[in-house]
Amino acid sequence: MRPEEVRSVLRDRLAEYRDELELTSTGIVLQVGDGIAQVYGLSEAMASELIDFGHGVLGIALNLEEDTVGCVLLGPDDEISEGDEVHTTGRIAETRVGESLFGRVVNPLGEPLDAEEKGEIEDYETAPIEVIAPGVVARQPVHEPLRTGIKAIDSAIPIGRGQRELIIGDRQTGKTQIAVDTIVNQRGGDVKCIYVAIGQKLSTLRRLVATLEQEGAMEYTCVVGATAADPAALQYVAPYAGCAIGEWVRDNGGHALVVYDDLSKHAKAYRQMSLLLRRPPGREAYPGDIFNLHSRLLERAAKLSDELGAGSLTALPIVETQEGDFSAYIPTNVVSITDGQIYLEPRLFHEGQRPAINIGMSVSRVGSDAQSTMVKQVGSRLKLDLANYREYEAFAQFGADLDEETRKILAQGQRMVEVLKQPPLSPMDEVDQVIILFAGTRGHLLDIPVADVTEVEPLLIDYVHEKAPELVSALRETQELSEENEEKLAELIDRFKSEWRLQHPGE
């Protein structure tokens, strides 16, 4: 072998050499258990950085102390033991975002839970789960409606795009149903939906996904699931991950609706993590930053300015109360952060009023700016009618002698309660809502027996559509009830009642 050949080969190889040295910060697990790990030696770790524990398990660095780092594990801790090596990843906690997530059920890291039926998610981007909310200059006032298809909400407690409207009530009063109905009502529209299930049973989540698929709503919906069987860390991350997916839609000029079901379980998961990390407990054993936990999440809902694409992210957080206790810690916190609340009352639910919305205790602080003129015209009297009815209802139960005016208020209120009843998964078009609410609030239903109001409602709507399609088109185009259209509608209702009475002579 000639020395010249050896020299030329060495020269070529050295020219091709690239230093591929990779620097990682390495630590040792001191203690592990209950989904928490204390790690020594990660002096370079950043807050909320993903830490690799091996065995396919990641953790998030939450407590950065002088000698140790407290991590919450995003997976099982069975195979992790004291003395194991761990590594920093250099990545802040992130999730997958993008168009390909819609129509899928994913975990808070964006990994598919329905991979067996629908395969892996191929085309996606990643985004940090925690970002700072848009500032005042980046926003514009809420002015576009986000229609739920529920008469009681769209007319009396309207929601606008970019708003945060709390759904609050005891368990089993229909909170999730309102959120699902709102998602179903976006069918055929331009709003993408994200449903975040926190700490729910897997069977409940499966049932919800089946309902969305059956209603044709799954194609524009992404379900983020962190069930009761998942670690507390995944339940803690879930709403932020859902929000990041919604922000991707909003920042690309689209409109998104995100439902957090529910933040009571989210707070409990965070309390569990905080106590295990030995953070000092405060009221009801929640840590001192529990308010910030939800405020930094809900403040990310916004209607962006025209310069930033005019996209919107609307939030519907759900909070569960115990025995209607509004003044508990988490309910008062979230009420003070949001732009209004829809209060569901067990008494109304058991009386058969579904949805069981207490309109007197519910409020929307900005949604009325997003209502169309015609809904304002028919909905303005609704709250007053119901408030008067609830006030006089107590007297009526005593069987006292009532004057004519009080009888009229009670009769009107009874009919408005019937009008606002609506079965689940039956969203109503805005014009149809206006027709029936006009009939109710203007007293046209007073001569129809209370028991027949729910039967008459669809018949009246169909009658108006059949006899006056031009009126329906005019309302849809102008979004306003002119005097002329009011007269036409009143005349149609009177004609309908005459025909209906001929068919029901005994009524």
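Keep in mind that this is a model prediction, so the values were computed, not measured.
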Can you tell me which residue pairs pass the side-chain hydrogen bond (donor to acceptor under 3.5 Å, both in side chains) test with a partner in residues 312-325, sequence neighbours excluded? Asp170-Thr321, His255-Ser312, Asp325-Ser327
Stepwise salt bridge (Lys or Arg N to Asp or Glu O under 4.0 Å) check, Glu144 with Lys303: CA-CA 9 Å; Glu144 293 173 289; Lys303 168 71 179 166; 2.6 Å; yes
By the ring-ring contact (aromatic ring centres under 6.0 Å, His included) test, which pairs, at least two apart or in different chains, include something from residues 40-67? none
Whether over 12 other heavy atoms sit under 6.0 Å from Glu65 CD: yes
Do the side chain of Ser362 and the main chain of Tyr343 share a donor and acceptor less than 3.5 angstrom apart? yes
Any chance you could measure Ile245, atom CD1, to Tyr240, atom OH, to the nearest 0.5 Å? 15.0 Å
pair Ile318-Leu263: side-chain heavy atoms closer than 4.5 Å: no
On the ring face of Tyr220, is Arg187 found with NZ or CZ under 6.0 Å from the centre and within 45° of the axis? no
Verify whether one side chain among Gln433 and Ser155 offers a donor that lies under 3.5 Å from an acceptor in the other. no
Smallest heavy-atom separation, Tyr329 atom then Ile290 atom, equals OH-CG2, 3.4 Å
Ile198 and Pro239, any side-chain heavy atoms less than 4.5 Å apart: yes
For atom NZ of Lys201, is the number of surrounding heavy atoms from other residues, nucleotides or ligands below 6.0 Å larger than 12? no
Answer yes or no: are there more than 12 heavy-atom neighbours, outside Asp34 itself, under 6.0 Å from its atom CG? no
Would Glu94 and Arg91 count as a salt bridge (Lys or Arg N to Asp or Glu O under 4.0 Å) here? Give the steps. CA-CA 8 Å; Glu94 60 189 11; Arg91 294 169 15 231; 3.0 Å; yes
Taking all heavy atoms of Ile194 and all of Gly246, pick out the closest pair and write down the distance. CD1-CA, 3.5 Å
The single option from Asp77, Asp84, Val39 passing side chain to side chain contact (heavy atoms under 4.5 Å, CB included) against Val32: Asp77
Taking Asp190 first and then Arg161, would you say they form a salt bridge - that is, a charged N and a carboxylate O separated by under 4.0 Å? yes
Just how far is it from atom CG of Asp339 to atom CD1 of Ile159, taken to the nearest 0.5 Å? 10.5 Å
Heavy-atom side-chain proximity of Thr182 to Leu146 below 4.5 angstrom: yes
Min side-chain heavy-atom separation Ile168-Pro331 under 4.5 Å: yes
Please check if the number of heavy atoms outside Arg278 that lie under 6.0 Å from its CZ is greater than 12. no
Can the ring centroids of Tyr195 and Tyr260 be said to lie less than 6.0 angstrom from one another? no
Pro128 versus Val131, closest heavy-atom pair with distance: CG-CG1, 3.7 Å
Distance-only donor-acceptor check, side chains Asp230 and Gln235, under 3.5 Å: no
Regarding Glu44 and Thr88, do their side chains bring together a donor and an acceptor under 3.5 Å, going by distance alone? no
Can you find a pair of side-chain heavy atoms, one from Ile150 and one from Pro355, that are under 4.5 Å apart? yes
Are Ser100 and Asp123 linked by a side-chain donor-acceptor pair shorter than 3.5 Å? no
What's the shortest heavy-atom distance between Ala267 and Ile330, and which atoms? CB-CD1, 3.8 Å
Starting at NZ of Lys192, measure out to CD of Glu219 and round the result to the nearest 0.5 Å. 8.5 Å
Got a salt bridge between Lys175 and Asp262, using NZ or NE/NH1/NH2 to carboxylate O under 4.0 Å? no
Compare every heavy atom of Gly225 with every heavy atom of Leu113, then report the nearest pair and how far apart it is. CD1-O, 4.0 Å
Within-4.5 Å side-chain heavy-atom neighbours: Val237 and Ile60: yes
Where the side chain of Glu49 meets the backbone of Gly90, is there a donor-acceptor pair that is under 3.5 Å apart? yes
Is atom CZ of Arg206 surrounded by more than 12 heavy atoms (other residues, nucleotides or ligands) closer than 6.0 Å? no
Does any N or O in the side chain of Gln422 come within less than 3.5 Å of the main-chain N or O of Gly149, such that one atom is a donor and the other an acceptor? yes
Which atom names give the shortest non-hydrogen contact between Phe326 and Gln341, and what distance separates them? CZ-CG, 4.4 Å
Checking Asp114 side chain against Glu117 main chain: does a donor-acceptor pair fall under 3.5 Å? no
Just how far is it from atom CD1 of Ile342 to atom CE of Met361, taken to the nearest 0.5 Å? 13.5 Å
With a 3.5 Å distance limit and no angle check, can you tell me whether Thr338 reaches the backbone of Val334 through a side-chain donor-acceptor pair? yes
Without swapping roles, check the side chain of Glu85 against the backbone of Thr26 for a donor-acceptor pair under 3.5 Å. no
Output the distance between atom CG (Asp289) and atom CG (Leu293), rounded to the nearest 0.5 Å. 7.0 Å
Verdict with supporting geometry, Ser336 and Phe291, side chain to side chain contact (heavy atoms under 4.5 Å, CB included): CA-CA 10 Å; Ser336 65; Phe291 183 91; 3.5 Å; yes
Measure from the side-chain N and O atoms of Asp385 to the backbone N and O of Met416, and report whether any donor-acceptor pair falls under 3.5 Å. no
Pairwise side-chain contact, Ile121 with Leu101, heavy-atom cut-off 4.5 Å (strictly under): yes
Less than 4.5 Å apart, side chain to side chain, heavy atoms only: is that true for Leu276 and Arg271? no
Whether Glu213 and Lys118 form a salt bridge (side-chain N of Lys/Arg under 4.0 Å from carboxylate O of Asp/Glu) is what I want to check. yes
Ring centres of Tyr270 and His294 under 6.0 Å apart? no
Once side-chain contact (heavy atoms from CB on, under 4.5 Å) is applied, do any residues pair with Glu120, and if so which ones, sequence neighbours excluded? Pro112, Ala115, Glu122
Salt bridge (Lys or Arg N to Asp or Glu O under 4.0 Å) between Glu111 and Arg96, worked out: CA-CA 8 Å; Glu111 297 160 350; Arg96 299 176 183 182; 5.1 Å; no
With a 4.0 Å cut-off, would you call Arg365 and Glu165 a salt bridge? no
Could you tell me if Asn185 and Thr148 have a donor-acceptor pair between their side chains, going purely by distance under 3.5 Å? no
Value rounded to 0.5 Å, distance of CG in Leu304 from CG in Leu313: 9.0 Å
Test item: Asn358 side-chain N/O and Gly360 main-chain N/O as donor-acceptor pair under 3.5 Å: yes
Any ion pair linking Arg147 and Glu430 (charged N to carboxylate O, less than 4.0 Å)? yes
When you measure from the side chain of Gln163 to the backbone of Gly160, do you find a donor-acceptor pair of N or O atoms at a distance under 3.5 Å? yes
Is it the case that the side chain of Thr204 and the backbone of Gln200 share a donor-acceptor pair, with hydrogens and angles ignored and the cut-off at 3.5 Å? no
